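So that the names make sense, note that chain A is the first sequence line, chain B the second, and so on, each numbered from 1. Just so it is clear, the structure is predicted and the values come from calculations on it, not from any experiment.
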Amino acid sequence: MKIYNTLSGKKEEFVPIEEGKVKMYVCGPTVYNFIHIGNARPMVFFDTVRRYLEYRGYEVNFVSNYTDIDDKIIKAANDEKVDCSVISDRYIMECKRDAEGLNIREANTHPKATEEIPEMIEMIETLIKKGHAYAVEDGTVYFKTKSFKEYGKLSHKNLEELQEGHRRLLVAGDSKKDPLDFVLWKPKKDGEPGWESPWCSGRPGWHIECSCMAKKYLGTQIDIHGGGEDLVFPHHENEIAQSEAGNGVTFAKYWMHNAFLNIDNKKMSKSLGNFFTVRDISRKYDLNILRFFLLSAHYRSPVNFSDELMESAKSGWERINNAYIALQEYAGENSEISGEVIKKIEEIKVSFNNAMDNDFNTADAVASIFDLVRFINTALRSGLSSKSCETLKAALTKLCDVMGIRLILPDSELDGQIQELIDKRQAARKNKDFNEADRIRDELLEMGIVLKDTREGVKWSRV
RNA sequence: GGCGCCAUAGCCAAGCGGUAAGGCAAAGGUCUGCAACACCUCUAUCACCGGUUCGAUUCCGGUUGGCGCCUCCA
């Protein structure tokens, strides 16, 4: 299995620290609002990575945090005149609802920054003791960037370049000794929540949160650390500095970063008016479709979002689901499984695994699923044994499950009224009264019921 | 200014040294009262210019055009 490692800029063979086990940490959202579809990309992708690793037999310990204290949350809380926890708890709940719709499994642990403050203080103390951090008069604690020799190794920047960069890193009035230094702890301002610490009543800097939570729940050395590509610098670079300076060992072995989701090839932003939350999309599409769409491109390539592309994804997903439904409803003669079926499934599994082993090439993996779908549809036409049918269904279900793609069976619970209308239409069709038959079909459509006349009779499903 | 990424059919998207997977859309056909589903058929010399090579979409250099990070951000 090969994984592209941002650290080396290359695909590397994946070798876990401990055989058979994978420890992974993915930076979660800051919960000040509903998550947007850009947030959904890493969530869906890393959930898929986790599912695949488990499918390949690894025991995965997956940790993803919620940043539940930051400027935006404080602002939202002040606007609503409530406690920060009201805002963060609310959006954590909403985030979980969206995650469920996207078929994202709960992490083994979902730590919240505010519940890990003592550990953060302890880590900051260690950094000060080791000479990697210092406190200034107002109680702010900074990380001494230059004290960590390898700073820049993840984002492939060197300290000189950073200092000579166009942008000014030193904000006026800052009390840091070096413009490159970053905050570990900052004093609270009026109207802000604070926690007592040896330096002042205040709150942790963003970067220390992740270093701390990863250490507490996974240990000082982890296998995979993931997040959006915008986090490479400075967030992850700073995490490395803090963790490695503090713990004295290499922090994460593989750093994975997903590219952005754009709208009309532009970065999604509120000011451009092209900002969509996952909840917005859920009103128009089953979130399963959003997930399928997100998986149709490689995670390191930017992906463009649009209505047209979603429609295309919807049709594609339906093709897969239709094959699943057809298998479900197929009544084959009970006989031996065909050798051809076994061979095909083996072939598909090899191509699927190869795709995913190659730095999680989900687009290629989906192509393998379509390959299976075509085989199923063709086999179904020429007839197959019930055993073959079951085997194919199990294979399809398995692969879709690894991708987190939901397969949905139409409601089998027949509403009496619906059945009555269907019977009436069938009678009309028999009498060749097609006007009446179509009228009833339209009526059912209005009720959200779609009919299909197949060789095996009338099939219906909800829109 | 620094660092980096990308350019493949109408749209989306794999491949990354041996003459191009897959999906959507469109078209023709089979099936069907019609529709839907499904099946079959059909659509590309891979931005441009040089170089390396027996051979390049795949490697190197350049050009053009997009984009990202360097600042809160998935």
Side-chain angles (χ1 to χ4, degrees), chain A residues 6 9 26-30 32 35-46 67 70-72 152 155-158 160-169 171 206 226-235 237 257-262 265-270 292-293 296-306 308-323 325-326 351 355 358 361-371 373-374 376-382 428-430 432-435 437-438 441-442 445 450-455 458-461:
Chain A
T6 306
V26 176
C27 292
T30 298
Y32 64 98
I35 57 165
H36 59 251
I37 54 178
N39 289 304
R41 171 112 106 144
M43 286 169 67
V44 165
F45 174 66
F46 289 107
T67 294
D70 98 313
D71 291 344
K72 286 177 188 162
S155 51
H156 305 108
K157 298 175 189 302
N158 61 55
E160 283 166 26
E161 278 167 0
L162 282 168
Q163 278 179 315
E164 288 164 8
H166 248 207
R167 305 204 179 228
R168 296 195 56 206
L169 285 154
V171 180
W206 175 37
E229 66 179 351
D230 55 321
L231 298 184
V232 173
F233 189 91
H235 189 237
E237 195 69 72
H257 299 276
N258 63 277
F260 267 54
L261 175 146
N262 298 131
N265 293 310
K266 291 244 158 45
K267 190 165 164 173
M268 178 167 64
S269 76
K270 284 183 177 156
F292 182 69
F293 164 74
S296 71
H298 187 91
Y299 78 96
R300 282 189 289 111
S301 303
V303 67
N304 210 220
F305 180 90
S306 73
E308 192 192 347
L309 263 14
M310 279 298 283
E311 284 300 328
S312 168
K314 188 181 177 190
S315 300
W317 173 78
E318 278 171 351
R319 179 174 167 77
I320 296 171
N321 204 242
N322 281 336
I325 293 171
S351 65
N358 184 200
N361 192 331
T362 55
D364 242 358
V366 168
S368 292
I369 291 177
F370 277 115
D371 194 5
V373 165
R374 165 165 253 120
I376 288 169
N377 286 332
T378 305
L380 245 23
R381 302 181 104 227
S382 48
R429 289 178 74 203
K430 205 164 247 173
K432 300 223 185 300
D433 183 358
F434 297 121
N435 281 336
D438 289 350
R441 183 165 59 190
D442 288 344
L445 187 61
V450 181
L451 296 186
K452 274 195 249 178
D453 297 324
T454 71
R455 288 181 194 78
V458 188
K459 297 282 165 64
W460 68 280
S461 59

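By the 5.5 angstrom centroid cut-off and the 30-degree plane limit, A:Phe370 is classified as not stacked against the base of B:G22.
A distance of 6.0 Å or more separates the ring centres of A:Phe46 and A:Tyr299.
For the atom pair CZ of A:Phe260 and OG of A:Ser301, the computed distance is 14.5 Å after rounding to the nearest 0.5 Å. Considering CG of A:Asp230 and NE2 of A:His257, their distance stands at 9.5 Å, rounded to 0.5 Å. Separation of atoms CG (A:Asp371) and CG (A:Asp364) is listed at 11.0 Å; rounding is to 0.5 Å. Here OG1 of A:Thr30 is found 12.0 Å from CD1 of A:Ile35. Values are rounded to the nearest 0.5 Å. Between A:Leu309 atom CG and A:Ser296 atom OG the span is 7.0 Å, to the nearest 0.5 Å. Separating the CG atom in A:Asp453 from the CZ atom in A:Arg441 is a distance of 6.5 Å, to the nearest 0.5 Å.
Phosphate proximity of B:C31 to A:Arg381: absent, as no side-chain N or O sits under 4.0 Å from OP1 or OP2. Contact check, A:Ser315 against B:A25: a side-chain N or O comes under 4.0 Å of OP1 or OP2. For the pair A:Asn377 and B:C39, the criterion of a side-chain N or O lying under 4.0 Å from OP1 or OP2 is met.
For the strand RNA chain B, secondary-structure stems (runs of at least three Watson-Crick or G-U pairs, all distances below 3.5 Å) span B:1-7 with B:64-70, B:10-12 with B:22-24, B:27-30 with B:38-41, B:47-51 with B:59-63.
For A:Lys267 against B:C73, a side-chain N or O and a base N or O form a donor-acceptor pair under 3.5 Å. With hydrogens and angles ignored, no donor-acceptor pair under 3.5 angstrom links the side chain of A:Asp70 to the base of B:C72. Side-chain N/O atoms of A:Arg319 and base N/O atoms of B:C37 include no donor-acceptor pair closer than 3.5 Å.
Nucleotides B:G23 and B:C42, compared at atom P, are 14 Å apart to the nearest Å. With P as the reference atom, B:C11 and B:A47 are 14 Å apart, rounded to whole Å. Comparing the C1' positions of B:U32 and B:C37 gives a spacing of 11 Å, expressed to the nearest Å. Comparing the same atom, C1', in B:U45 and in B:A20 gives a spacing of 9 Å after rounding to whole Å. For the P atoms, the distance linking B:A35 with B:C31 amounts to 13 Å, nearest Å. Straight-line distance between the P atoms of B:G28 and B:U52: roughly 49 Å, to the nearest whole Å. Going from the P atom of B:C69 to that of B:G62 covers 25 Å, rounded to whole Å. Taking atom P on both nucleotides, B:A9 is separated from B:U43 by 15 Å, rounded to a whole Å.
Residue contacts shown for A:Leu261 include a base, since a base heavy atom lies under 4.0 Å away. Residue A:Arg374 is classed as a sugar-phosphate contact, given heavy-atom separations below 4.0 Å to backbone atoms only. Note on A:Gly38: a base of the nucleic acid sits closer than 4.0 angstrom, heavy atoms only. Looking at heavy-atom distances under 4.0 Å, A:Glu229 makes contact with sugar-phosphate atoms alone, never a base. At a threshold of 4.0 angstrom between heavy atoms, the contacts of A:Leu451 include nucleobase atoms, whether or not backbone atoms are also involved. No engagement by A:Lys432 is indicated, since no non-hydrogen atom pair under 4.0 Å with the nucleic acid exists.
Comparing A:Pro42 and A:Asn435 along RNA chain B, the residue whose closest nucleotide (by nearest heavy atom) sits nearer the 5' end is A:Asn435.
With rounding to whole Å, A:Asp453 atom CG is found 8 Å from B:A36 atom C1'. Per the geometry, CG belonging to A:Asn322 stands 13 Å off P belonging to B:A36, to the nearest Å. Atom C1' of nucleotide B:C24 and atom CZ of A:Phe305 are separated by 16 Å, given to the nearest angstrom. Following rounding to the nearest Å, A:Ile37 (CD1) and B:C73 (P) show an atom-to-atom distance of 19 Å. Whole-Å rounding puts the A:Tyr32 OH to B:A74 C1' distance at 10 Å. B:A21 atom C1' lies 9 Å from atom CG of A:Asp371, rounded to whole Å. The separation between A:Arg441 atom CZ and B:C37 atom C1' is 13 Å, rounded to whole Å. Following rounding to the nearest Å, A:Asp438 (CG) and B:A36 (P) show an atom-to-atom distance of 12 Å.
Minimum atom distance to the side chain of A:Trp206 is reached by B:C73, of the listed B:G22, B:C37, B:C73. Among the nucleotides B:C73, B:G33, B:C70, the one closest to the side chain of A:Asp230 is B:C73. Which of B:A74, B:C11, B:G33 sits closest to the side chain of A:Glu308 comes down to B:C11.
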### Message
Run the side-chain contact (heavy atoms from CB on, under 4.5 Å) test on A:Trp317 and A:Phe293 for me, step by step, so that the C-alpha distance in whole Å, both residues' side-chain angles and the decisive distance to 0.1 Å come before the verdict.
### Response
CA-CA 9 Å; A:Trp317 173 78; A:Phe293 164 74; over 6 Å; no
### Task
Kindly determine whether A:Lys452 and A:Asn322 satisfy side-chain contact (heavy atoms from CB on, under 4.5 Å), including the steps that lead there.
CA-CA 12 Å; A:Lys452 274 195 249 178; A:Asn322 281 336; 3.5 Å; yes
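Classified by interplanar angle (parallel below 30°, tilted 30° to 60°, perpendicular above 60°), the ring pair A:Trp206/A:His235 is parallel.
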Could you list the protein-to-nucleotides 12-15 of chain B atom pairs, N/O on both sides, closer than 3.5 Å?
residue	atom	partner	partner atom	Å
B:A14	OP1	A:His298	N	2.7
B:A14	O3'	A:Asn361	ND2	2.7
B:A14	O2'	A:Asp364	OD1	2.4
B:A14	O2'	A:Asp364	OD2	2.5
B:G15	OP1	A:Asn361	ND2	2.8

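A donor-acceptor pair is defined here as one N or O able to donate and one able to accept, closer than 3.5 Å; no such pair exists between the side chain of A:Ser312 and the backbone of A:Glu308. Under the 3.5 Å distance criterion, the side-chain polar atoms of A:Glu229 are left unmatched by any main-chain donor or acceptor of A:Asn258.
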